[in-house]
Amino acid sequence: MKAHNFLTFLTLYTLGVSAQQTSAVDFTHLRAEVTIDPLKQAVAGDLLFTFDVLTKTDSIFIDAQKMNFSEVFLNGEEVKYGNDEKRFWLTGKFSPAKEQQLSMRYTAEPKQTMYFIRTSPQEEAAEFQVWTQGQGKNTSHWLPSFDDPAEKLEFDIAYIYPSGKWIIGNGELEAHQERKDSLALWQFNMDKPMSSYLVAMAAGDFENETRYSKSGITMEFYFPPGLEVRVEPTYRHSEFLMDFFEEETGFAYPWNNYKQIPVQDFLYAGMENTGTTIFSDIFLIDSIGYNDQNYININAHELAHQWFGNLITAASPEDHWLQEGFATYYALLAEKEIFGDDYYYRKLFKTAEELKQLSDSGKGQALVGRNGSSLTYYQKGAWALHILNETIGKSAFDLGVKNYLEKYQFATASTAQFLAEMELASGKDLSAFEKNWLRQSAFQGTEALESLKKSPFIQKYLELAAAKPFPVSDKRNLLRNAFRFPVNDYLGQEAVLQLALEDPVEVADLYKKAFSSGNLFTRQAIAFSLQQIPPQLKSEYEGLLKDDSYLTREMALYNLWMNFPEDRMEYLNSLQGIEGLPDKNIETLWLALSLATAEVPAASKRRYFKKLSEYTAPYQKFQVREKAFGYLYQLNAFDENTIQNLQEATLHHNSRFRAFSRELLKKLQEQGLVSGQ
Ligand SMILES: [Zn+2]
């Protein structure tokens, strides 16, 4: 899974009761027919589990949260069963036996893990997306299954859903029938076992484009109708990523096919359900948005999990870094191929800074352990693998990883088992590595810096960063060089951030040089850091409104509107009708600024206000709602309708948006704009 940057996802394994019984009973297969009713937000299904009894036992458990059961049969005979809020069970005397068959009916009204998202304004005949998120949430809220990731079985699930929509599930689509009762059946087949948290489905209005990897794996790229133009920029490099991981790991992609589905109001950035990655539609971008917020890192991360996490699953919560550290590291290796060495080292440099800061404040965490932060599991994990690769060399590293994947495929592995494979492949004693990088809470800053200095780019970057405290008179040449063709994205940005500490009039010549570099990220750094625009830089600054970056255009519009009131109409006209990123960053700002511009006619303002208010409605993406709420607050323009929408938002399933909405509602209450409740 990949959280958005600032989101820390702490507890990945739910503590408490779960059906941990793998030593006595081994579930091998589930054949299910699951009916999903989006209007009633309800699920019902017929299940047939196959299991082996390995040793004598008096109970058999299945995790099932708040479900009702009926028609329970064991090997064709009706049996007594028990269930509570969390589990379903059989009790009796069970002796070792193969291929036992347990069938049942169930119903559920899942309050989490399966989400029903309304995507259209009409209350009646509403349109929905339905999607699931099993990791950290437990699939057993919508499907009787196993919260313990060590229990791996083959899932063959048929979904029944209102007809005329797409249903996507794990595995191969074997049958699709539109039935007479205005429902459709979608039958999926898997060939290999997996943990229950990786079971997923998504339903809604989708189309797809199919591509193939070099090795012939089918890759399906889903998108909402009408957004064909976003398919190429969103899924750019997808086939390369599949080819790269197959080659780099030396292990063929282990699943039937690979599907990627963007959904509205997703909880995280992406989730690596087996063969079926679900990701936030905030990454469904056009070719300009690609420069601001592309999907490549998430794409690579979730695909890497298909090996690290899905094929081999961490044996215990202590070993969780074996999933997130590997997915982060292999994604970085893939991005290195796409974006180059400087990108790779810059990213490691940034995470080293964060890890060092955490470590220096006494909050560093050992990589092997429970409840690590995402910075630890993801970034310290990637760092550990980078160092391990350097320590034993690429050929031993690759061999060790390949052996590890082969040995523990479709099963679980521990940190000790991974290290044993790496020691075997390299012939080296890795106890010092284990102590320093896996077991120690402090971050090994000195060793990390030594490694980073192997990059000539990092050396230049450090030289430039070291000049930060000096007056501009001492470093004019250094800064000028950073803007000289071919400009390095990161050196250009750093030089602009140092200019921002000076009086802009005194360094106007250097700003002109930075503007004329034509480098998108250098120019973006100006938009974000130069807020008081001196008249001699006005025309260059206006050029930012046309850059191939929606973030740059947004900041430029705002700053120009603030600095030059006489030209406001001109600036607004130049960006009229541009939506921007999927969160409508430009359109919502444009509406807000238009409402605050004296020259805009009253009739237009009424229209713009209606539009901005409509963006707060519950069927809109929460990222759009957040922007619209924020601007209404700044404009002091909340009314009964938008306050109602805000109150609704305080119950949203996305915790970050929920917190934002609660905070804003509290502010409105404190200011007496809304009565407290
Ligand atoms: Zn992940």
Side-chain angles (χ1 to χ4, degrees), residues 1-14 113 131-139 149 170 194-200 238 241-242 244-245 248-249 253-255 258-263 266-280 282-283 294-335 347 351 354-355 365 367-386 401 405 412-413 415 418 656:
M1 175 162 52
K2 188 100 187 347
H4 289 283
N5 295 340
F6 37 79
L7 203 124
T8 306
F9 189 64
L10 286 170
T11 322
L12 289 157
Y13 293 84
T14 310
T113 318
W131 47 259
T132 58
Q133 168 59 34
Q135 190 175 28
K137 298 281 172 190
N138 294 331
T139 295
N170 313 87
M194 65 176 182
S195 309
S196 299
Y197 78 90
L198 297 165
V199 178
S238 287
L241 292 174
M242 182 64 87
F244 177 79
F245 287 136
E248 195 72 12
T249 60
Y253 177 76
W255 313 103
Y258 191 55
K259 292 160 283 201
Q260 295 178 84
I261 311 105
V263 300
F266 197 51
L267 295 166
Y268 311 109
M271 174 65 204
E272 71 274 16
N273 315 293
T274 303
T276 312
T277 286
I278 293 178
F279 67 99
S280 166
I282 206 75
F283 294 102
N294 66 57
Y295 172 56
I296 291 174
N297 176 258
I298 313 297
N299 191 344
H301 180 101
E302 310 310 345
L303 183 57
H305 271 311
Q306 302 298 327
W307 286 263
F308 306 105
N310 300 8
L311 175 66
I312 296 188
T313 307
S316 84
E318 278 86 16
D319 302 308
H320 190 62
W321 80 278
L322 288 176
Q323 298 183 187
E324 297 306 342
F326 268 85
T328 305
Y329 179 63
Y330 274 80
L332 196 52
L333 290 178
E335 287 179 290
K347 234 175 166 176
T351 59
E354 289 170 37
L355 286 161
Q365 295 174 319
L367 199 43
V368 180
R370 278 173 190 257
N371 298 327
S373 67
S374 57
L375 187 59
T376 299
Y377 284 145
Y378 291 63
Q379 307 306 342
K380 197 176 183 181
W383 255 105
L385 292 171
H386 166 80
V401 168
L405 288 168
T412 61
T415 302
F418 166 67
R656 201 175 54 80

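Predicted model, so just to flag it, every value in this text is computed and none were measured. Computed from heavy atoms alone, side chains included, the values below leave out hydrogens, waters and symmetry copies. Order of listing sets the numbers, starting from 1, for every ligand and every atom in it. Residue numbers run from 1 in the order of the sequence given.
The ring pair (Phe, Tyr, Trp, His ring centres under 6.0 Å) search around Phe326 returns Phe308, Phe418, not counting sequence neighbours. The side chain to side chain contact (heavy atoms under 4.5 Å, CB included) test applied to Glu335 returns Ile296, Asn297, Leu332, Phe339, Tyr343, Lys347, not counting sequence neighbours.
Note on Glu302: not counted as a metal contact of the Zn ion (ligand 1), no N/O/S atom lying under 2.8 Å. Here Met1 meets the criterion, with an N, O or S atom under 2.8 Å of the Zn ion (ligand 1).
Between Lys380 and Gln365 there is no side-chain heavy-atom pair separated by less than 4.5 Å.
Considering just the N/O/S atoms of Glu324, the one nearest the Zn ion (ligand 1) carries the name OE1. His301 has its closest N, O or S atom to the Zn ion (ligand 1) at the position named NE2.
In this structure, the side chain of His305 engages the main chain of Met1 through a donor-acceptor pair within 3.5 Å.
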